[in-house]
There are 2 protein chains.
Amino acid sequence: MSDKHMSRSAEMYLKAMAEMGPRQAATVSRLAERLSVTQVSANEMVRRLDEQGLVTHKPYKGISLTLKGRQAAGNVLRRQRLWECFLYDHLHIEWAHVYEFACLLEHATAPEVTEALAEFLGNPTTCPRGNPIPATDGTFSPVDGIPLSSAAVGVRARLLAVTATDTEVLKYLQDRHLLPGREVILRESAPMQGPLTLEVEGREFALGMNMAEMILIQPLASH
Amino acid sequence: MSDKHMSRSAEMYLKAMAEMGPRQAATVSRLAERLSVTQVSANEMVRRLDEQGLVTHKPYKGISLTLKGRQAAGNVLRRQRLWECFLYDHLHIEWAHVYEFACLLEHATAPEVTEALAEFLGNPTTCPRGNPIPATDGTFSPVDGIPLSSAAVGVRARLLAVTATDTEVLKYLQDRHLLPGREVILRESAPMQGPLTLEVEGREFALGMNMAEMILIQPLASH
DNA sequence: GATAATTTTATGGCTTGCCTTATTATCATA
DNA sequence: TATGATAATAAGGCAAGCCATAAAATTATC
Ligand SMILES: [Mn+2]
Ligand SMILES: [Mn+2]
Ligand SMILES: [Mn+2]
Ligand SMILES: [Mn+2]
């Protein structure tokens, strides 16, 4: 029944669904976009995953992970984020590149290696992008923060996590010191979904709404 | 022309050829045997590698790596053996299992990660099985030892390297403490390619000729 | 030199995961 | 409720890597 071993592709589809989170509903088109394949290809894979009992696809309604699929996705995320920690903390790989390199390793990691790696790292709970590292059973709770895109002008906040995965985007954020732990002030919000004006470490700059959606913050009590 | 990225399969074929070393000539059947595929499948891949200029196949004569192929194989071996070091020295994975886990990671390792890993490990020159770690350019020289199978009865020797890769075989050797650095005495050699009788750390046991071929030793001067 | 064993190649077929093009179904909205 | 946009599926194809079966080519052996 369940094939024990899952293909790289299948793992990436499941991980993509988990990464999108419960915030936005997964659809075939969104998956296609995220995985850089055509909608037809994404549709085929979703059908296969549905047949394997990993996702449930209700046409025109959305796709959701089954319990089995959620666990499988959690396991991929665990491997992914543990490798991110290793690459960043021990190999000193540039922050913006860590995701893409870990994204290769995540599919080539035996369970024994995963657990030994977690042990080696001291069982970290978050990756360098601030996202939670699922437990051994694949379970995890989402980051307790709000998207920067939905914050009110004038708010001062702690950056909790970056959900972006694209290296170019990460590089952009890295260059502007928009990293977990930093303090961010939202100075201005242009109308019509226009860019935000942020202040980070004394520097001001504009950030588009699409990127702001991929940054989770914790507003700080204004003293 | 050259596809920049090489498939896992192609990498495994090239690595297998490099691992067999110059000692025994590579043939389609030997590759098939080693990679657990049919001779037809091995033949097809050899043809593809030949077309790509990575190997030269002279039917009935043998297969050899081109310069390009030797470098590619050396790069795979470098990644493989660096991961072996990491898994063994830092994650404390059981010696016999290190190869198989590293064999997964070797195909999912970006060049930047490889070099950062080498740095992290202190640029080791041998893997836990005693085999040399190729340089960044993929070059390396074979272990300077003789197969235990060709040693004379009575010889006392230092075990230099184990070229075996099969987990079951490695487990067998591990259980008998036939590990790099250990001292081995060849007590007896049965006729007709029969088993050797060895002494390692005071214990005596028999070892088949096939396994003895995969153990490289350095005879010690008898005092 | 004939015969047996080994090695190689020819054929046809399978699965996965992509693709393009075209069609159908549903949703949103006027 | 018609209409245009969006989402989904149908149909046909391709490349990589496997497979089994069968035929040839070469080498080894008597
Ligand atoms: Mn960490
Ligand atoms: Mn990945
Ligand atoms: Mn080492
Ligand atoms: Mn491998």
Side-chain angles (χ1 to χ4, degrees), chain A residues 1-17 20 24-65 69 72-73 76 103-104 106-108 210, chain B residues 1-17 20 24-65 69 72-73 76 103-104 106-108 210:
Chain A
M1 172 135 242
S2 59
D3 257 328
K4 185 179 193 266
H5 189 245
M6 188 159 296
S7 75
R8 259 152 270 274
S9 268
E11 286 189 341
M12 285 305 283
Y13 277 84
L14 294 178
K15 192 182 77 160
M17 292 201 57
M20 292 190 304
Q24 69 233 63
T27 62
V28 168
S29 18
R30 224 183 292 264
L31 279 174
E33 159 81 27
R34 184 142 185 153
L35 295 164
S36 301
V37 296
T38 63
Q39 294 191 5
V40 175
S41 298
N43 187 271
E44 286 170 338
M45 181 57 91
V46 166
R47 183 177 42 69
R48 274 190 296 256
L49 295 175
D50 196 322
E51 283 166 6
Q52 292 170 47
L54 293 162
V55 308
T56 308
H57 183 200
K58 297 209 189 79
Y60 302 100
K61 298 302 176 186
I63 312 164
S64 51
L65 291 165
V76 181
C103 189
L104 299 176
E106 68 192 352
H107 312 292
N210 289 338
Chain B
M1 173 130 241
S2 61
D3 257 325
K4 185 181 192 245
H5 189 246
M6 188 159 292
S7 75
R8 259 151 270 276
S9 268
E11 285 188 342
M12 286 305 284
Y13 279 83
L14 294 178
K15 193 181 76 162
M17 291 200 57
M20 292 188 305
Q24 70 234 62
T27 62
V28 168
S29 19
R30 223 184 292 265
L31 278 176
E33 159 80 26
R34 183 139 186 156
L35 296 164
S36 301
V37 296
T38 63
Q39 294 192 6
V40 175
S41 298
N43 186 271
E44 288 170 337
M45 180 58 92
V46 166
R47 185 176 41 68
R48 273 189 296 258
L49 295 174
D50 196 320
E51 283 166 5
Q52 293 169 50
L54 293 162
V55 309
T56 308
H57 183 201
K58 298 212 187 76
Y60 302 99
K61 298 302 175 188
I63 311 165
S64 49
L65 291 166
V76 181
C103 189
L104 298 176
E106 70 192 351
H107 311 291
N210 289 339

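Since this is a predicted model, take the numbers as computed values, not measurements. Every chain is numbered from 1, with letters handed out A, B, ... down the list of sequences.
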Can you list everything that forms a salt bridge (Lys or Arg N to Asp or Glu O under 4.0 Å) with A:Arg30? Sequence neighbours excluded, please. none
For a 4.5 angstrom cut-off between non-hydrogen side-chain atoms, does A:Val37 reach A:Tyr13? yes
Nearest-Å distance, CZ (A:Arg47) to P (D:dA11)? 12 Å
Can you give one letter per nucleotide of nucleotides 24-30 of chain C, going 5' to 3': B for a protein heavy atom under 4.0 Å from the base, S for sugar-phosphate only, - for none? -BSS---
With a 4.0 Å cut-off on N to O distance, would you call B:Glu106 and B:Lys15 a salt bridge? yes
Euclidean distance, A:Arg34 CZ relative to A:Thr27 OG1, rounded to 0.5 Å: 12.0 Å
Protein N or O to nucleotides 1-5 of chain D N or O, pairs below 3.5 Å:
none

Calculate the interatomic distance between A:Lys58 atom NZ and D:dA7 atom P; express it in whole Å. 18 Å
Within the structure, does a side-chain N or O atom of A:His57 lie under 4.0 Å from either OP1 or OP2 of D:dA7? no
Pairs: protein N or O with nucleotides 18-20 of chain C N or O, under 3.5 Å:
| unit_1 | atom_1 | unit_2 | atom_2 | d |
| --- | --- | --- | --- | --- |
| C:dC18 | OP1 | A:Ser9 | OG | 2.5 |
| C:dC18 | N4 | A:Glu44 | OE1 | 3.4 |
| C:dC18 | N4 | A:Glu44 | OE2 | 3.4 |
| C:dC19 | OP2 | A:Thr38 | N | 2.9 |
| C:dC19 | OP2 | A:Thr38 | OG1 | 3.0 |
| C:dC19 | OP2 | A:Ser41 | OG | 2.5 |
| C:dC19 | N4 | A:Glu44 | OE2 | 3.3 |

Distance test, side-chain N/O of A:Asn43 to OP1/OP2 of D:dT9, below 4.0 Å: yes
Take the protein atom CD1 of A:Ile63 and the nucleotide atom P of D:dT9, then report the distance between them rounded to whole Å. 9 Å
How long is the line joining CZ of B:Arg30 and C1' of C:dT8, in whole Å? 15 Å
Roughly how many Å is it from CD in B:Glu33 to P in C:dT8, rounded to a whole number? 14 Å
CA sep, side-chain torsions, deciding dist, call: A:Leu54, A:Leu14, side chain to side chain contact (heavy atoms under 4.5 Å, CB included): CA-CA 8 Å; A:Leu54 293 162; A:Leu14 294 178; 4.2 Å; yes
Send over the distance from B:Arg8 CZ to D:dA16 C1', rounded to a whole Å. 13 Å
Test side chain to side chain contact (heavy atoms under 4.5 Å, CB included) on A:His57 and A:Val28 and set out the steps. CA-CA 9 Å; A:His57 183 200; A:Val28 168; 3.8 Å; yes
Using atom CD of B:Gln52 as one end and atom C1' of D:dG17 as the other, report the distance to the nearest whole Å. 13 Å
Using C1' atoms of five pairs at each end, report the bend of the helix from C:dG1-D:dC30 to C:dA30-D:dT1 rounded to 10 degrees. 0°
B:Leu31 side chain near B:Met20 side chain, heavy-atom distance below 4.5 Å: yes
How about B:Met12 and B:His107: do any of their side-chain heavy atoms sit closer than 4.5 Å? yes
For B:Asp50 and B:Thr56, indicate whether the former's side chain and the latter's backbone hold a donor-acceptor pair under 3.5 Å. no
Do A:Lys58 and A:Ile63 have side chains that approach each other closer than 4.5 Å (heavy atoms only, starting at C-beta)? no
Using distance only, find each side-chain donor-acceptor pair of residues 41-49 of chain A under 3.5 Å and give its atom names and separation, not counting sequence neighbours.
| unit_1 | atom_1 | unit_2 | atom_2 | d |
| --- | --- | --- | --- | --- |
| A:Ser41 | OG | A:Thr38 | OG1 | 3.0 |
| A:Arg47 | NH1 | A:Glu51 | OE2 | 3.3 |

